[in-house]
Amino acid sequence: MVESNRYNPAEIETYWYKQWEQSGCFHPEEYSGIPYVIVIPPPNITGYLHIGHALNNTIQDILIRWKKMSGFNTLWVPGTDHAGIATQNVVERELMKQGLTREKLGREKFLEQVWLWREKYGNRIIEQLKRLGAACDWQRLCFTMDENFSLAVSTVFVRLFEKGLIYRGTRIINWCPRCTTALSDEEVEYKEENGELFYLRYPLEDGGFIIVATTRPETMLGDTAVAVNPSDKRYKHVIGKKIRLPFVNRLIPVIEDQQVEIEFGTGAVKVTPSHDPADYNIGKRHNLPSVTVMDEKGRMNENAGEFAGLDRFECRKKIVEALKNHNLIEKIEPYTHRVGHCYRCHTVIEPYISKQWFVKMKELAQPAIDVVMKGELKFYPERWTKNYLNWLNNIEDWCISRQIWWGHRIPVWYCENENCPPIASIQIPLSCPQCGSKNLTQDEDVLDTWFSSWLWPFAVFKWPKKTKDLEYFYPTSTLVTAQEILFFWVARMVMAGFEFMGEKPFSAVYIHGTVRDETGRKMSKSLGNAIDPLEIIDKAGADALRFGLISLTAFGQDVFLPDKFYVKGRNFLNKIWNSFRYLEMVLEKNNCRKVEIKNVETFSRNLQLAEKWILAVLNQKVKHITECLESFRFNEAAESLYEFFWHQYCDWYIEMTKRFPENDPYLVSNVIPVLVYVMAKSLQLLHPFIPFITEELWNRMKKFTDISERFIVESVWPDYSNIFNFDDAIEKMEQIKKIVVEIRDVKTTFKIPVTRKLEASYYGIPELISDEQRQMIEFLSNTTFSPEEKSASISDKNRLVRTWKDGYFSLRVEGILDISVEREKLLNEKNKILKIFEQTEKKLSSMDFVKRAPEQVIEKTKKLRDELEYELKKIEKNLQLLTGE
RNA sequence: AGGCGGUUAGCUCAGUCGGCAAGAGCGCUUCCCUUACAAGGAAGAGGUCGUGGGUUCGAUUCCCUCACCGCCUACCA
């Protein structure tokens, strides 16, 4: 063998990916057959491939490759998301290094910079997906800011606007003072924080105090009331009285509101309609004025009097100080509470009153609820259904305007005449339909990025154009995603699918787990706990990464990745590689030119036991693997294949075939074809999981087989076949394996190297009667067997006897045997089995059990009892033989 | 506060309909560089399946309690 005995993935992976891409084998052009379609959850253009992407895309790749091999016309549409806020932040940071800001540049120049950045880095993650092996159709690569996609976005906006489902309104929304934009409710992340609860003494106009509790004393400057619960007796006497608000000297009333909790704090709450969503509601109910005390950057504004100009947190300190000086703080308690943060920059969110665009969601949500209720759209695992429905049933309107520049500009124009209604239009309107004025200005804001991604499953096919792609590939089949974007994205896609296509966007949603580190935290760069998948690809190859990831990730379960998780995959690849080298060697030694594996008939006649056995086991695997894939149990499939290939095919079958001399007729006519056939089928079954090595080896097989497909992914997925239904062969082989293990065990017990050939004789062992079986046992246990006529005699220093069924075998050993080792071992074994035996006996002697348990179980238990009994007898006998007792 | 998930070998995880003598990989012990593979081979050790109840002939599996870990929803300032 010239080639390395270690598998080196680097070159092979690069080579094959290029071949796949150039051949266009992932690019369906025909609109025939049954389509199987996946749209990728589009990663951000700012993104790097992280381990979560690796898992997400490996799963999609497995599905696509398996379905393609199963005869579907498969399509996996890739693409990226423009990620408005995230991308704008990244580019702004770049600019900052040059001392520039977007304001200095101006909108147009700034957007030029973003596009430049996008050209340069926006496809970084796409290239990384290729390294993972993703079978995407790159010719259909899509970007949410493509011309077509933008058309889809404005079309959707205008349609919803005209339908009255989009409106503009002044409301309290989530505001990020760092990104200076509004956010939707979903874009706020709540984190538990250790803060303080301040008890403030608010002076009543006519003397005395009322004490209110707050976590945000700086907002007091915007207070317009103090509220108490109407049934709170403590405060009955102050209702309607006025409070002189410190620092700003405003007179504010004490009011009653049901919403106030009597139990919390002092039972009296300060009301700041401008800076708290709950207070906003109280304000609305009582017609309270709103006083905004901060600007868009989170700094105190002119309404904050002496505190104007201070940052909100700075102001908090200052105001607490000032309150203390005026003896207006009753007490301060430590307090943990949940604080909202911007999901893009993690700045503390400020509830803020502003004019924004909203989508009315209730009506849109209904079909998305119905389709799941009817079972026409299913979640795997099923439990997500509840989360999904719960969110949709309690849905709030969606704030879609963002005060940033990067994104789809809101397709609305305002007439110079303020009395004219806003004009929503796909094209730039030339004049105001109301007054005819040509002086129109477009809304400054852009749309939430998710307002484009919710159109993904049909916009990728160029909707609203009526394309062939759209007609044939929509609706898609399976969506593979993580739980984090169930609301952000999945639910909204379902709504959009019904609203604009009149049909669900996919019928199955597989939600996989989140990859976490060993402490249970999400892997993320900022935490510094991330495993970089690219590093692993460099080190061990994408196949190793994929295999490790998949075999550790159970159905919908989160996974804590240990840092060496890829080792299993790496070692497995090496095993496959070397077993293949062995095959090549055997073929060469036996001058095999062409093995016909396509026509099973050619080699499946007159098979001996071992060949029947491995084919039968393979046959069972084929069925099992397919079932696993159908139910998203990828880890089980991967594990099962691993076990079969390594521990059945390599450990036993290949080893067995080594007993034949070169050019043995049966070896050439049957064994080698079976070896090659099982290899080929295994490669196919493994291909969705580890595409690169299987492609390489598949192609190498063309030299000596009738394999002709260009790529393994174009071959046909193995099918269960009745021809290989050799159940009895499986049973017989298990017996043979047992004898071999028994003999090896004797060798190990006495520290005899496996390599040392032992002479042995036997009596009354049925497995040793057939030539084939005897040869296998002799070969695998490295012994020579000759029959004995008489019954067993006692073990002695040169001979060790072990019973087997009604017979025995005895091994001749040179040198001294330490009988005590064997004795101890047997005694231990005996104790262990005795316990289980007694349990089983007890079970069987119980009337209840015999009466109520199903027949099968009773049979099984009896069989177990008999087996244990036999084992015990065997050990007893072995002990006797050993000691002569 | 509610909902969901988890708790199985030293570590990371499997375990479908209740019927196992409870599995894997890594790690560990002993022996072996046997011409496919030391990223390997052979033989092993290691678990009262988080706690306490219940249902059942039988529970790691189903039900309830509690404990701890994690996640997701929620306007208690």
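We name chains A, B, ... by the order of the sequence lines, and we start the count at 1 in each one.
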A.B. asks: Quick one: are A:Asp276 and A:Tyr280 in side-chain contact, heavy atoms under 4.5 Å?
C.D. replies: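 No; the side chains remain at least 4.5 Å from each other.
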A.B. asks: For a quick test of reading the model: is some side-chain N or O of A:Lys751 closer than 4.0 Å to OP1 or OP2 of B:G44?
C.D. replies: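 A:Lys751 to B:G44 OP1/OP2: no side-chain N or O under 4.0 Å.
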A.B. asks: Does any N or O in the side chain of A:Lys747 come within less than 3.5 Å of the main-chain N or O of A:Asn782, such that one atom is a donor and the other an acceptor?
C.D. replies: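 Checking the backbone N and O of A:Asn782 against the side chain of A:Lys747, a donor-acceptor pair under 3.5 Å is found.
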A.B. asks: Could you give the distance separating B:U61 and B:U8 at their P atoms, to the nearest angstrom?
C.D. replies: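 One P to the other, the span is 14 Å.
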A.B. asks: Looking at B:A36, I'd like to know if its phosphate oxygens (OP1 or OP2) sit under 4.0 Å from a side-chain N or O belonging to A:Lys658.
C.D. replies: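 A:Lys658 to B:A36 OP1/OP2: side-chain N or O found under 4.0 Å.
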A.B. asks: Could you work out the separation of B:A24 and B:G44 based on their P atoms and round it to a whole Å?
C.D. replies: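 My reading of the P atoms in B:A24 and B:G44 gives 12 Å.
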A.B. asks: Under the 6.0 Å and 45° cation-pi test, does A:Arg744 pair with A:Trp652?
C.D. replies: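 Judged by the rule, A:Arg744 and A:Trp652 form a cation-pi pair.
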A.B. asks: Can you check the A:Phe560 CZ to B:U12 C1' distance for me, whole Å?
C.D. replies: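 Roughly 10 Å, once rounded to whole Å.
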A.B. asks: In whole angstrom, give the distance that lies between atom CZ of A:Phe580 and atom P of B:A39.
C.D. replies: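 Going from A:Phe580 (CZ) to B:A39 (P), I get 22 Å.
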A.B. asks: Among B:G44, B:A39, B:A77, find the nucleotide with the atom closest to the side chain of A:Asp276.
C.D. replies: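 Selected nucleotide (nearest to the side chain): B:A77.
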A.B. asks: With rounding to the closest Å, how many angstrom separate the P atoms on B:A9 and B:A67?
C.D. replies: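 Roughly 23 Å separates the two P atoms.
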A.B. asks: Name all residues meeting the ring-ring contact (aromatic ring centres under 6.0 Å, His included) criterion together with A:Phe487; count only those two or more places apart in sequence or in a different chain, and write none if there are none.
C.D. replies: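 By the ring-ring contact (aromatic ring centres under 6.0 Å, His included) rule, A:Phe487 matches A:Trp391.
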A.B. asks: Find the distance A:Ile511:CD1 to B:C72:C1' and express it as a whole number of Å.
C.D. replies: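 Value for this atom pair: 12 Å.
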A.B. asks: Base of B:C57, side chain of A:Lys851 - is there a donor-acceptor contact under 3.5 Å?
C.D. replies: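 Answer is no: no donor-acceptor pair is held.
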A.B. asks: A:Phe572 and A:Tyr642: ring-ring contact (aromatic ring centres under 6.0 Å, His included), yes or no, with the steps?
C.D. replies: CA-CA 8 Å; A:Phe572 185 39; A:Tyr642 177 95; 4.8 Å; yes
A.B. asks: Under 4.0 Å between a side-chain N or O of A:Asn5 and OP1 or OP2 of B:A38?
C.D. replies: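 For A:Asn5, the contact criterion (side-chain N or O under 4.0 Å from OP1 or OP2 of B:A38) is met.
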A.B. asks: Which one, B:A42, B:A39, B:C37, comes nearest to the side chain of A:Arg581?
C.D. replies: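 The answer is B:C37, which lies nearest to the side chain.
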A.B. asks: Measure from the side chain of A:Glu636, starting at C-beta and using heavy atoms only, and say which of B:A36, B:A43, B:U16 lies closest.
C.D. replies: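 Between B:A36, B:A43, B:U16, the one nearest the side chain of A:Glu636 would be B:U16.
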A.B. asks: Quick check: do A:Glu196 and A:Thr215 have side-chain heavy atoms less than 4.5 Å from each other?
C.D. replies: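 Not in contact.
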A.B. asks: So what does A:Val212 hit on the nucleic acid, given a heavy-atom distance under 4.0 Å: a base, only sugar-phosphate, or nothing?
C.D. replies: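 If one applies the 4.0 Å heavy-atom cut-off, A:Val212 turns out to touch nothing in the nucleic acid.
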A.B. asks: Mind checking A:Lys832 for me? I need base, sugar-phosphate or nothing, with any heavy atom below 4.0 Å counting as a touch.
C.D. replies: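 Answer is sugar-phosphate: A:Lys832 comes under 4.0 Å of backbone atoms only.
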A.B. asks: Quick one: A:Lys191 NZ to B:C71 P, roughly how many Å, whole number?
C.D. replies: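 Rounded to whole Å, this separation is 12 Å.
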A.B. asks: Over all strands shown, is A:Thr755 touching base, sugar-phosphate only, or nothing at heavy-atom distances under 4.0 angstrom?
C.D. replies: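 Counting heavy atoms under 4.0 Å across all strands, the contact made by A:Thr755 includes a base.
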A.B. asks: Check the pair A:Phe660, A:Phe779 against ring-ring contact (aromatic ring centres under 6.0 Å, His included), reporting the backbone distance first and the verdict last.
C.D. replies: CA-CA 10 Å; A:Phe660 293 102; A:Phe779 182 80; 9.1 Å; no
A.B. asks: When rounded to the nearest Å, what value does the distance between C1' atoms of B:A74 and B:A59 take?
C.D. replies: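 Result for the C1' pair: 37 Å, nearest Å.
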A.B. asks: I need the CG-C1' distance between A:Leu200 and B:A77, as an integer number of Å.
C.D. replies: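 After rounding, the gap between these two atoms is 11 Å.
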A.B. asks: Could you say whether A:Lys386 or A:Pro9 is positioned toward the 5' end of RNA chain B, judged by the nucleotide with the nearest heavy atom to each?
C.D. replies: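 Its nearest nucleotide being more 5', the pick is A:Lys386.
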A.B. asks: Using a 4.0 Å heavy-atom cut-off, write out nucleotides 18-29 of chain B from 5' to 3' as B (base contacted by protein), S (sugar-phosphate only) or - (no contact).
C.D. replies: -BSB--SSS---
A.B. asks: May I have the distance from A:Leu561 (atom CG) to B:C13 (atom C1'), rounded to whole angstrom?
C.D. replies: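 Result: 11 Å.
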A.B. asks: Regarding A:Arg216, tell me which of base, sugar-phosphate or nothing describes its non-hydrogen contacts under 4.0 Å with the strands shown.
C.D. replies: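 Nothing, no heavy atom under 4.0 Å.
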A.B. asks: Base, sugar-phosphate, or nothing for A:Asp651, non-hydrogen atoms under 4.0 angstrom?
C.D. replies: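 Answer is sugar-phosphate: A:Asp651 comes under 4.0 Å of backbone atoms only.
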A.B. asks: If every non-hydrogen atom of A:Val372 is compared with every non-hydrogen atom of A:Phe379, which pair is closest and at what distance?
C.D. replies: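 Scanning both residues, the minimum pair turns out to be CG2-CE1, 4.0 Å.
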A.B. asks: Using atom C1' in both nucleotides, what's the gap between B:A22 and B:C49 to the nearest angstrom?
C.D. replies: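 About 8 Å, rounded to a whole number of Å.
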A.B. asks: State whether the number of non-hydrogen atoms from other residues, nucleotides or ligands found under 6.0 Å of A:Lys658 atom NZ is greater than 12.
C.D. replies: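 Enclosed: over 12 neighbouring heavy atoms sit under 6.0 Å from NZ of A:Lys658.
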A.B. asks: Below 3.5 Å, does any donor atom in the side chain of A:Glu655 face an acceptor in the base of B:A36, or the other way round?
C.D. replies: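 Yes.
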A.B. asks: In whole Å, what separates the P atom of B:C66 from that of B:C4?
C.D. replies: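 Looking at atom P only, B:C66 and B:C4 are 14 Å apart.
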A.B. asks: Among B:A39, B:A36, B:C72, which nucleotide sits nearest the side chain of A:Gln483?
C.D. replies: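 Of all the options, the side chain of A:Gln483 is nearest to B:C72.
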A.B. asks: Measure CD/A:Glu187 against P/B:C72 and give the value in whole Å, please.
C.D. replies: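 So the CD-P distance, A:Glu187 to B:C72, works out to 16 Å.
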A.B. asks: By the 4.0 Å heavy-atom rule, please label A:Ser579 as base, sugar-phosphate, or nothing.
C.D. replies: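 It contacts base atoms.
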A.B. asks: Rounding to an integer number of angstrom, what distance separates B:G27 and B:A39 when you compare their C1' atoms?
C.D. replies: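 Rounded to whole Å, the distance is 15 Å.
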A.B. asks: Quantified in whole Å, what is the C1' atom distance between nucleotide B:A14 and nucleotide B:C75?
C.D. replies: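 It comes out at 43 Å once rounded to the nearest Å.
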A.B. asks: Heavy-atom nearest nucleotide on RNA chain B for A:Trp577 versus A:Arg744: which residue maps closer to 5'?
C.D. replies: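 Looking at the nearest nucleotide for each, A:Trp577 comes out on the 5' side.
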A.B. asks: Is it the case that A:Lys331 places NZ or CZ above or below the six-membered ring of A:Tyr199, under 6.0 angstrom from the centre and within 45 degrees of the axis?
C.D. replies: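 Yes, a cation-pi geometry.
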A.B. asks: Checking all strands, does A:Arg6 fall into the base, sugar-phosphate, or nothing category for heavy-atom contacts under 4.0 angstrom?
C.D. replies: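 A:Arg6: base contact, heavy atoms under 4.0 Å.
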A.B. asks: Using 4.0 Å as the upper bound for N to carboxylate O, is an ion pair formed by A:Lys191 and A:Glu193?
C.D. replies: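 Looking at A:Glu193 and A:Lys191, the cut-off is not met.
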A.B. asks: For the side chain to side chain contact (heavy atoms under 4.5 Å, CB included) test, which of A:Phe632, A:Tyr388, A:Trp384 pairs with A:Ile511?
C.D. replies: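 When A:Phe632, A:Tyr388, A:Trp384 are each tested with A:Ile511, the side chain to side chain contact (heavy atoms under 4.5 Å, CB included) holds only for A:Trp384.
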A.B. asks: Which listed nucleotide (B:C57, B:C75, B:G44) is nearest to the side chain of A:Asp745?
C.D. replies: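 Between B:C57, B:C75, B:G44, the one nearest the side chain of A:Asp745 would be B:G44.
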A.B. asks: So what does the secondary structure string of RNA chain B come out as, 5' to 3', with Watson-Crick or wobble pairs under 3.5 angstrom, [ ] for crossing and | for pairs with another strand?
C.D. replies: (((((((..((((.....[...)))).(((((.......))))).....(.(((..]....))).))))))))....
A.B. asks: Checking one value: the base orientation of B:C17, syn if chi is within 90 degrees of 0, otherwise anti.
C.D. replies: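 Because its glycosidic torsion lies within 90° of 0, B:C17 adopts the syn conformation.
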A.B. asks: Rounded to whole angstrom units, what separation is found between the CZ atom of A:Phe555 and the C1' atom of B:G5?
C.D. replies: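 Nearest whole value for this atom pair: 13 Å.
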A.B. asks: Using a strict cut-off of less than 4.0 Å between a Lys/Arg side-chain nitrogen and an Asp/Glu carboxylate oxygen, indicate whether A:Lys874 and A:Glu742 qualify as a salt bridge.
C.D. replies: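 Salt bridge: yes.
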A.B. asks: Please confirm whether the shortest side-chain N or O distance from A:Tyr335 to OP1 or OP2 of B:A77 is below 4.0 Å.
C.D. replies: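 Result: yes.
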